[in-house]
Every structure is written in structure tokens, then in C-alpha cells.
Amino acid sequence: MSIIYVCRHCKSTVGKLEQSAADETRLGLSDLNAEERQEMVELQQNGDLRIQTICDDCEEALDQNPQYHELDSFIQ
Ligand SMILES: [Zn+2]
């Protein structure tokens with residue numbers, strides 16, 4: 001299976017991992033509550049896991065323009 005990290009803002013692929021099985025602790029998913037997991041982690045039809053994250057570009061943009069956080073729900 002593949003684990004694909006996708007930026008939730010610009011939808012670009014941030015990273016991709018090939019694993020025989022998902023290790024939730026290593027992926028940092030064990031710290032999330034059920035609601036966060038449902039929001040962030042999406043199981044694809046082909047068995048891949050898609051994890052929503054934020055890329056460096058968007059993180060930088062948000063740092064400089066914190067008001068974008070409030071617009072987030074409108075963009076999606
Ligand atoms: Zn981005």
C-alpha cells in the first residue's frame with residue numbers, strides 16, 4: 001500500500017511512503033482522536049491511505065497571513 005500525504009490547501013502531493021502495512025504510531029496517527037482521523041485520513045479505493053497535511057509553501061503563507069485560516073472552510 002502507499003501512504004500519500006496531500007496538502008489540504010493546494011492539494012499538492014507532499015510525500016509518499018510505500019509500506020507493507022500502515023504503522024499508525026509511526027505515521028503520527030495514534031495521537032489523533034476519531035474525529036481528527038476521519039477528517040485527515042482517507043482510505044482510497046485502491047487501498048492507499050491519503051493523509052491531509054500542509055505543505056511548506058502553504059504553511060509559510062499561513063504564517064504570514066493568519067487570516068487565511070478563517071477562509072479555509074470557504075475554499076473547501
Ligand atoms: Zn500547499
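Start at 1 and go down the list; that is how both ligands and their atoms are numbered.
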- Glu18: what forms a side chain to side chain contact (heavy atoms under 4.5 Å, CB included) with it, not counting sequence neighbours? Ser2, Lys16
- The side chain to side chain contact (heavy atoms under 4.5 Å, CB included) partners of Gln44 (sequence neighbours excluded) come to Glu42, Asn46, Asp48, Arg50
- For Leu32, all residues meeting side chain to side chain contact (heavy atoms under 4.5 Å, CB included), sequence neighbours excluded: Leu29, Glu36, Arg37, Met40
- Item | Straight-line distance of Ile3 CD1 to Ile51 CD1, nearest 0.5 Å | 6.0 Å
- Query: Is it true that atom CD of Gln64 has more than 12 heavy atoms of other residues, nucleotides or ligands lying nearer than 6.0 Å?
  - Reply: yes
- Please examine the side chains of Ile4 and Thr13, heavy atoms only from C-beta on, and report whether any two atoms are closer than 4.5 Å. yes
- Note on the structure: Any protein N, O or S atom under 2.8 Å from the Zn ion (ligand 1)? Found Cys7 SG, Cys10 SG, Cys55 SG, Cys58 SG
